[in-house]
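Below is one structure, written out as structure tokens, with a few remarks after it.
Here is how names work: the chains are called A, B, and so on, in the same order as the sequence lines, proteins then strands, and each is numbered from 1.
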There are 2 protein chains.
Amino acid sequence: MAGPTLRDVARRANVSIRTVSNVVNGYAPVSAELRARVQAALDEMDYRPNLIARNLKQGRTGMIALVVPELDVPYFAELAREVITAARAHGYVVMVDQTDGDGERERELLGRDSRATMFDGLLLSPLTISAEELRSRGNRVPIVLLGEHLFNGSFHHIAIDNVAAARDATEHLLSLGRRRVAAIGDQPYSTGQTAQLRTVGYRQAHTRAGLDVDERLIVPTANFHRRLGAEAMQHLLALPEPPDAVFCYNDLLALGAMRALTRAGRHIPDDVAVVGLDDIEEGQYSTPSLTTVAPHKAEIARTAVDTLLGLINGSAVQPAEIVTSHRLVVRESTVGEAPGRP
Amino acid sequence: MAGPTLRDVARRANVSIRTVSNVVNGYAPVSAELRARVQAALDEMDYRPNLIARNLKQGRTGMIALVVPELDVPYFAELAREVITAARAHGYVVMVDQTDGDGERERELLGRDSRATMFDGLLLSPLTISAEELRSRGNRVPIVLLGEHLFNGSFHHIAIDNVAAARDATEHLLSLGRRRVAAIGDQPYSTGQTAQLRTVGYRQAHTRAGLDVDERLIVPTANFHRRLGAEAMQHLLALPEPPDAVFCYNDLLALGAMRALTRAGRHIPDDVAVVGLDDIEEGQYSTPSLTTVAPHKAEIARTAVDTLLGLINGSAVQPAEIVTSHRLVVRESTVGEAPGRP
DNA sequence: GCTGACTCTTGCATCGTTGCAGAGGTGTAT
DNA sequence: ATACACCTCTGCAACGATGCAAGAGTCAGC
């Protein structure tokens, strides 16, 4: 099972271990004749370098870890894809892990027996863990945070401008003449910082338009999955004065909300217009297709990887909040032709 | 940056390196007094074991790799989630990588400088690579294949019964009285073995029902993405005698097809019934929700991980084709109430 | 008091690789 | 002929951990 080592190859080719290593890595000058002999031995024995040993010697692994709450949430899957691509461009591979939104599991990551030491760096999309906790764990591995806003400057952190993104979405709905715009996805508790920023943007849009917010139209949800979007929408439809538009804090909520609307016989967008956030591919193919705020995922991934590699290679950059771009993508759920309607 | 090693802690606590190691691992008997002293030193210095060194010594990493064509294809994302969960139950972590359906990248994996040696085992969902190629690479790492059918017994291989799954889907449509059942997703070339099996099942259903297959209703696609499902559906709708039902070889094709149908003003399922395969979560929330054949993903993942760990731990099991279960999940796209219709 | 058994602790070798410094040999300039 | 530079090649030590076997110390038993 165990393959041949440098020593085995060296014995066979009748040279020193060191020379074999040199041939493998193309390091020091080796005479053509000897090189050929060694190469032959390498080939015959089908030598593969033991990367663990190499890593130990070199003090780096060429691996970074990407930790997300849930890998089968499309946004994270799409982000993971971009991160893998960005890392590969630098010769790094990515190990993806998920925490299931379980705070314990996030903490495990930083604990004494964590496998984090196996990686040159960590990209973490935190869900419940706080900055203080993160800092107090005195981690040895460089960390770059994704997505969550943590209110202090201890870590590098990449995210879109959540306030502006939510404002853009809401303003789009208001600009269509909608006047009862609901919001689905607020999380008015300590770990819901991103959601809260989106609520701020939602309010700002109203304020700027000189409109009041009807507090009953802001529906909090415990997570960002389709089911809760549907439930929140059902709740809104049951109000005495239901909304004529809804901004959902992510696309999954929006897809769930659309499902509930269709089920209830409401027409999108005529009766209720819907906007999401994330621009997952699914929204392009839903019925109707989903208007959304699109974060530039490739940019997020590239920036995150670049920043992390910078830390790894010792560029002592100051921790910084890095804001990446986003744009509104208008589709049928707000201005669409009504499919299957006159 | 570099943390303290056993040596540093040993110096501080005035004991041997070996004793510190014993305390860390709880191995040999250590007197309470000494243990306390060492533990104190460990805590003060915030010692973290260097896993790379440990791995080198022990010859295993506790990591397996999962290689899929595309991580942002929901089926693979959902599968990855299950694999991560199954592996964690055995104390293993999973590194996920994607090949982008690029044969070169699949081959890289097995090449001389592959990082595969860093893993105790490999779960591979091959797209273009053949069994012969895989075998010829004389790999050192245990491999278990997922999903693709490779016609020989050289490797462990986990998959559903693709013929039966396709037959079940098609029979469901025929049992509804549909008589022009189309198939979207055939891949009549060497790397499309899974697709071809599904075509076999599609034909079997017709044969068993005593019906002929209209070859024009079998539409091949280059991949299994939404867009090609939509295009294939448009093509089918343009036929002189369009289908009254369609079996798509995966859910993404089905969702694309449904999108095209809705766009064209056709009603699902009244005009055209649609069945997919994979049971991705998206299909539960689409409009209409999608009837599909559901592979038991958790079972696939568990079986794959168990088999791989068996190989790793040296149980010299014979390579085997392992068939996991599937079931038909009926939703609105075949027997649904028509949403938004009288 | 000596032996043996037992408990606790330690040093050495090792995993497979690479960094470093130098050995050995040849060729060139003086 | 001597010195020097140069090109190849090699041995040793080290990365940080663990397996092994033995060293040191304590105690009981006869």
Side-chain angles (χ1 to χ4, degrees), chain A residues 1-39 41-42 45-62 112-120 140-141, chain B residues 1-39 41-42 45-62 112-120 140-141:
Chain A
M1 181 63 75
T5 70
L6 283 183
R7 178 175 21 225
D8 301 327
V9 178
R11 253 201 281 269
R12 172 149 186 160
N14 246 308
V15 294
S16 75
I17 294 178
R18 196 56 249 240
T19 296
V20 181
S21 169
N22 284 336
V23 170
V24 170
N25 295 292
Y27 271 177
V30 179
S31 68
E33 181 196 11
L34 192 56
R35 174 183 308 281
R37 198 165 90 225
V38 171
Q39 190 61 55
L42 284 170
M45 305 183 78
D46 191 26
Y47 168 80
R48 313 282 176 105
N50 179 322
L51 296 181
I52 304 178
R54 183 180 284 175
N55 291 337
L56 173 60
K57 186 67 183 148
Q58 302 189 331
R60 55 180 288 282
T61 61
R112 171 148 303 166
D113 276 328
S114 140
R115 263 177 245 255
T117 59
M118 235 167 12
F119 303 99
D120 295 343
R140 284 236 168 58
V141 190
Chain B
M1 180 64 75
T5 70
L6 283 183
R7 186 189 358 239
D8 301 326
V9 178
R11 254 201 281 269
R12 171 147 188 162
N14 246 308
V15 294
S16 74
I17 293 179
R18 196 54 249 237
T19 297
V20 181
S21 170
N22 284 337
V23 170
V24 170
N25 295 292
Y27 272 177
V30 179
S31 67
E33 180 198 10
L34 193 56
R35 173 183 308 280
R37 197 165 92 226
V38 170
Q39 191 59 55
L42 284 170
M45 305 184 77
D46 192 27
Y47 168 81
R48 313 280 178 108
N50 179 323
L51 296 179
I52 304 177
R54 184 180 282 175
N55 291 338
L56 172 59
K57 185 67 181 142
Q58 303 188 330
R60 55 180 289 281
T61 61
R112 170 148 303 166
D113 276 327
S114 142
R115 261 176 248 254
T117 59
M118 207 131 68
F119 302 99
D120 295 343
R140 282 236 169 58
V141 191

Inset, instruction - Could you check whether A:Thr5 gets within reach of a base, just the sugar-phosphate, or nothing at all, counting any heavy atom under 4.0 Å? - result: sugar-phosphate
Legend entry - Contact check, side chains of B:Arg35 and B:Val38, non-hydrogen atoms, under 4.5 Å: no
Legend entry - Inter-residue atom distance B:Leu56.CG - A:Lys57.NZ, 0.5 Å rounding: 12.0 Å
Legend entry - Side-chain heavy-atom pair B:Asp8, B:Thr5 within 4.5 angstrom cut-off: yes
Inset, instruction - Determine whether B:Asn50 and A:Thr117 make a side-chain contact, defined as any pair of heavy atoms from C-beta on separated by less than 4.5 Å. - result: no
Legend entry - Contact pattern, 5' to 3', of nucleotides 18-27 of chain C - B, S or - by protein heavy atom under 4.0 Å: BBB-------
Inset, instruction - Take the C1' atoms of the five end pairs on each side of the helix from C:dG1-D:dC30 to C:dT30-D:dA1, derive the two axes, and give their angle rounded to 10 degrees. - result: 70°
Inset, instruction - Over all heavy atoms of both residues, which pair between A:Met118 and B:Ile52 is shortest? Give the atoms and the distance, please. - result: CG-CG1, 4.0 Å
Legend entry - Residue pair B:Pro4 / B:Met45: nearest heavy atoms and the distance that separates them: CG-O, 3.4 Å
Legend entry - Residue pair A:Asn22 / A:Arg18, side-chain donor-acceptor N/O under 3.5 Å: yes
Inset, instruction - Mind listing the closest non-hydrogen atom pair of A:Val24 and A:Tyr47 along with its distance? - result: CG2-CE2, 4.0 Å
Inset, instruction - Scan B:Leu34 against the nucleic acid and name what it touches under 4.0 Å (heavy atoms): base, sugar-phosphate only, or nothing. - result: sugar-phosphate
Legend entry - Segment of DNA chain D, first to last nucleotide, that comes within the 4.0 Å heavy-atom reach of chain B: D:dC15 to D:dC20
Inset, instruction - May I ask you to evaluate whether B:Ser31 reaches the phosphate of C:dT9, defined as a side-chain N or O under 4.0 Å from OP1 or OP2? - result: yes
Inset, instruction - For residues B:Val23 and B:Leu42, determine if any side-chain heavy atom of one lies less than 4.5 Å from a side-chain heavy atom of the other. - result: yes
Legend entry - Comparing A:Leu56 and B:Val15 on DNA chain C - which has the more 5′ nearest nucleotide: B:Val15
Legend entry - A:Val141 and B:Arg48, any side-chain heavy atoms less than 4.5 Å apart: no
